[in-house]
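Here's the structure we're looking at; comments come further down.
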Amino acid sequence: MKMRTRRLYLLLVSAALLLAGLACRTLLGDPDEGITLSQATESNPPTEAAPPAPASPTPILLGEPSLSERLNGQDLPDLQFGPAGSSPFDGTRPELSGEPRTLDTEHFRVHYTDSGGDAVPTADNDGNGHPDYVEHVARALEYSWFAEIEHFGWAPPPPDEGLGGDDRYDVYLANIFDEGNAGYVEGDFDAGFFGDNPLTSVVEDRASSSHMVLDNDYDGYNDNPAPGVSLLDYMRSTAAHEFAHSIQYGYDGDEPHDWLWEATATWMQDEVFDLVNDGNEVLPAVFKSPDSCQLAYGGENHAEDADHWYGMWIFIRYVSENYGHAAVRELWEATVEVDGYDAWDLMLARYGTNLETVFEEFAVAMLLRNFDEGGDYPVVRLEGGIGYEDNFKPADGVGQLGVDYLELDARDLLAITLTGDDISGLFVSVLDGQAHIYAMPAGRANVDTYQFDRSYLLVFNLHRAARERNCRSADYTVVVAQGGQADSPIEQLAAPNFLPPRVEGLREFSD
């Protein structure tokens with residue numbers, strides 16, 4: 001069973017942005033003030049409140065309605081904390097470097113220490129006996145619970161039968177940032193918890209309880225921050241991402257499509273903390289390498305698609321914006337019954353469509369940047385340009401459930417012919433903020449490109465890979481010649497966020 005984690009892709013991307021002078025080094029407030037974590041605390045009055053009792057969530061009825069509005073993450077709960085408790089260790093959970101202590105909330109038990117390599121910052125501005133940083137983590141977690149379970153309607157993660165001391169969800173604060181992880185979640189498989197989630201109305205056979213690990217201080221984040229994202233907001237976004245993994249384990253802890261785990265969790269962090277937008281930092285993995293196989297982790301051959309699993313959150317965003325937030329939850333509910341692409345088939349059948357059609361729609365949205373926040377997203381990378389009486393063959397083909405974008409440089413009545421095994425196409429022309437979509441039956445289209453500002457051929461490989469190691473690319477050829485009678489578009493779309501893409505060379509990894 002794999003650990004589900006949020007890697008430090010933001011730091012890697014931000015390092016490049018620093019070279020361009022784009023990085024923002026603020027935590028909170030004026031960057032020239034040198035604010036520290038302890039100074040950035042949100043104060044609460046001291047309290048002698050007793051620790052809250054463990055929650056007893058009402059079972060979730062799968063398929064029930066949920067709200068769909070993204071949350072801005074500004075209304076964090078004002079929690080009351082009881083005294084610190086002790087943290088039991090049974091050999092199946094992380095062992096902290098110093099004496100373990102706990103902070104309890106309604107749904108979470110946060111385990112931390114104030115000594116050794118895992119020590120949290122000790123500042124306690126409200127004098128309640130808990131370090132301010134631990135309280136920040138607790139608020140982020142409870143907000144994530146409210147957003148993901150109560151607001152969006154996902155099922156709670158299953159209880160762990162008392163591991164960590166009680167049935168609250170256990171979160172450990174340890175020094176993992178230096179190891180390249182912002183946070184991770186592991187299923188409790190070593191403890192034998194694998195089967196039904198008692199907090200749902202269906203019987204799962206591959207659900208698992210789990211536990212989460214977040215960094216003890218995110219020391220080093222401000223060396224290369226994501227632009228405009230404070231250290232605390234980065235921690236909060238990470239907590240939302242990891243809690244999504246905790247929830248996923250409660251549906252199917254053995255779902256084989258790894259990309260789906262990370263894409264959904266990265267999408268969720270933006271749904272919960274919409275104003276943070278740190279997930280935008282990994283979008284180039286998809287926009288700059290749209291022809292990568294959907295299942296591929298990325299980074300094996302060139303730099304553009306590194307962390308492709310995470311960048312594919314934009315595909316999940318397309319689904320949620322066009323079919324509703326609940327469609328993504330229904331997809332994970334389908335994983336209880338079936339695996340991989342079969343879960344997509346089961347979910348999308350309810351909406352009268354299929355994965356291949358949705359992917360074609362998504363690819364058009366990528367070109368046009370037709371998303372709610374598309375004006376903040378990158379433009380796609382063009383595979384090349386094609387002129388009149390020209391032939392084109394790609395350098396590397398198109399991966400499964402991937403797409404190439406080609407620009408038609410000629411403005412005339414053109415006949416476009418696309419050939420290749422496992423290949424299909426769409427033609428898109430843009431004029432004055434309106435996009436005209438043309439079908440290509442049998443790989444052919446006749447389009448009068450003279451009347452448009454820009455024209456593009458989208459080349460698809462709509463075949464599914466069985467698993468990541470089976471990803472294959474398909475080659476194709478495009479021929480442009482004098483056309484006959486112009487075809488009529490099958491659809492017109494507003495394209496207010498469209499910006500012309502360009503051809504960009506691939507950046508090979510250096511040794």
Side-chain angles (χ1 to χ4, degrees), residues 4 57-73 75 107 143-158 197-204 206-207 237 240-253 255 257 259-275 279 294 310 312-362 365 370-374:
R4 306 300 170 182
T58 300
I60 295 294
L61 301 176
L62 298 189
E64 67 181 6
S66 65
L67 300 178
S68 59
E69 298 84 2
R70 286 180 211 131
L71 300 174
N72 60 28
D75 301 319
H107 300 106
Y143 186 79
S144 296
W145 181 288
F146 158 75
E148 298 179 33
I149 293 174
E150 298 175 23
H151 182 75
F152 291 128
W154 293 65
N197 181 354
L199 301 181
T200 70
S201 60
V202 301
V203 178
E204 298 87 359
R206 295 178 299 180
S237 181
H241 177 112
E242 297 306 332
F243 188 56
H245 286 322
S246 309
I247 291 172
Q248 290 164 345
Y249 273 107
Y251 290 103
D252 180 4
E255 164 55 42
H257 272 196
W259 78 275
L260 183 60
W261 289 79
E262 297 302 345
T264 306
T266 308
W267 163 80
M268 182 66 86
Q269 73 191 49
D270 197 77
E271 296 287 298
V272 175
F273 290 98
D274 186 39
L275 298 182
Q294 189 177 66
Y310 298 84
M312 281 301 293
W313 77 267
I314 193 61
F315 183 65
I316 307 299
R317 169 58 57 84
Y318 179 82
V319 172
S320 68
E321 287 186 352
N322 290 274
Y323 296 91
H325 183 109
V328 185
R329 191 196 69 211
E330 290 167 4
L331 172 64
W332 275 91
E333 291 170 359
T335 67
V336 174
E337 302 179 43
V338 293
D339 284 333
Y341 285 130
D342 289 342
W344 284 94
D345 292 337
L346 187 60
M347 183 274 286
L348 289 173
R350 302 172 187 169
Y351 294 86
T353 188
N354 56 67
L355 180 63
E356 288 72 22
T357 298
V358 171
F359 186 82
E360 288 180 329
E361 297 169 348
F362 162 73
N370 268 5
F371 302 88
D372 288 350
E373 300 174 350

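As the structure is a computational prediction, the values presented were derived from the model and not from experiment.
- Looking at Trp313, its side chain does come within 3.5 Å of a backbone N or O of Gly279 through a donor-acceptor pair.
- Proximity of a side-chain donor or acceptor of His151 to a complementary backbone N or O of Glu69 within less than 3.5 Å is detected.
- Shown here are the side chain to side chain contact (heavy atoms under 4.5 Å, CB included) partners of Thr357, two or more places apart in sequence or in another chain: Thr353, Asn354, Glu361.
- Scanning both residues, Val203 and Val336, for their nearest heavy atoms gives O-CG1, 4.4 Å.
- Note that CD1 of Ile149 is 4.5 Å distant from CD1 of Ile247, once rounded to the nearest 0.5 Å.
- The aromatic rings of Trp259 and Phe315 sit tilted relative to each other, their planes meeting at an angle between 30° and 60°.
- Distance check: Met268 CE to Phe152 CZ gives 6.5 Å after rounding to the nearest 0.5 Å.
- Every side chain to side chain donor-acceptor pair (under 3.5 Å) that Asp252 has, sequence neighbours left out, goes to Arg206.
- Shown here are the side chain to side chain contact (heavy atoms under 4.5 Å, CB included) partners of Glu373, two or more places apart in sequence or in another chain: Arg70, Asp270, Asp274, Asn277, Arg317, Asp376, Tyr377.
- Listed by chain and number, the residues in a ring pair (Phe, Tyr, Trp, His ring centres under 6.0 Å) with Tyr318 amount to none (sequence neighbours excluded).
- Residues forming a side chain to side chain donor-acceptor pair (under 3.5 Å) with Ser320 (at least two apart in sequence, or on another chain): Trp267.
- With sequence neighbours left out, Phe273 forms a ring pair (Phe, Tyr, Trp, His ring centres under 6.0 Å) with Tyr143.
- Side chain of Glu255 to main chain of Asp339: no donor-acceptor pair is present (N/O by atom type, distance under 3.5 Å, no hydrogens or angles).
- The side chain to side chain donor-acceptor pair (under 3.5 Å) test applied to Trp344 returns no partner, not counting sequence neighbours.
- We find the CD-NE2 distance between Glu262 and His245 to be 3.5 Å, quoted to the nearest 0.5 Å.
- Remark: Ala343 pairs with Leu331, Ala334, Thr335, Val338 by the side chain to side chain contact (heavy atoms under 4.5 Å, CB included) rule, at least two apart or across chains.
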* To do: Give the intermediate values and the outcome of side-chain contact (heavy atoms from CB on, under 4.5 Å) for residues Tyr249 and Asn197.
  => CA-CA 9 Å; Tyr249 273 107; Asn197 181 354; over 6 Å; no
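- The minimum heavy-atom distance linking Gly250 with Pro158 is given by the pair CA-CD, 3.5 Å.
- Using a 4.5 Å heavy-atom threshold, the side chains of Met347 and Tyr323 count as separate.
- Scanning all heavy atoms of the two residues, the minimum distance from Thr200 to Ala155 falls at CG2-CB, 3.6 Å.
- The salt bridge (charged side-chain N to carboxylate O under 4.0 Å, His left out) pairs that include a residue from residues 341-359 are Glu330-Arg350, Asp345-Arg464, Glu356-Arg464, where partners are two or more places apart or lie in different chains.
- Nearest heavy-atom pair, Arg329 versus Gly153, reported as atom, atom and distance to 0.1 Å: CD-O, 3.2 Å.
- Residues Tyr351 and Ala326 approach most closely at OH-C, 4.4 Å, considering heavy atoms.
- Here the straight-line distance linking atom OG of Ser144 with atom NE2 of His241 works out to 11.5 Å at 0.5 Å rounding.
- Every residue was checked against the side chain to side chain donor-acceptor pair (under 3.5 Å) condition with Glu148, not counting sequence neighbours, and none meets it.
- The OH atom of Tyr310 sits 10.0 Å away from atom CD of Gln269, with the distance rounded to the nearest 0.5 Å.
- The two atoms that bring Gln248 and Leu260 nearest to each other are NE2-O, 4.2 Å, heavy atoms only.
- Interatomic distance, Trp154 CH2 to Ser246 OG, rounded to the nearest 0.5 Å: 12.5 Å.
- Between Trp332 and Trp261, the gap from one ring centroid to the other is short of 6.0 Å.
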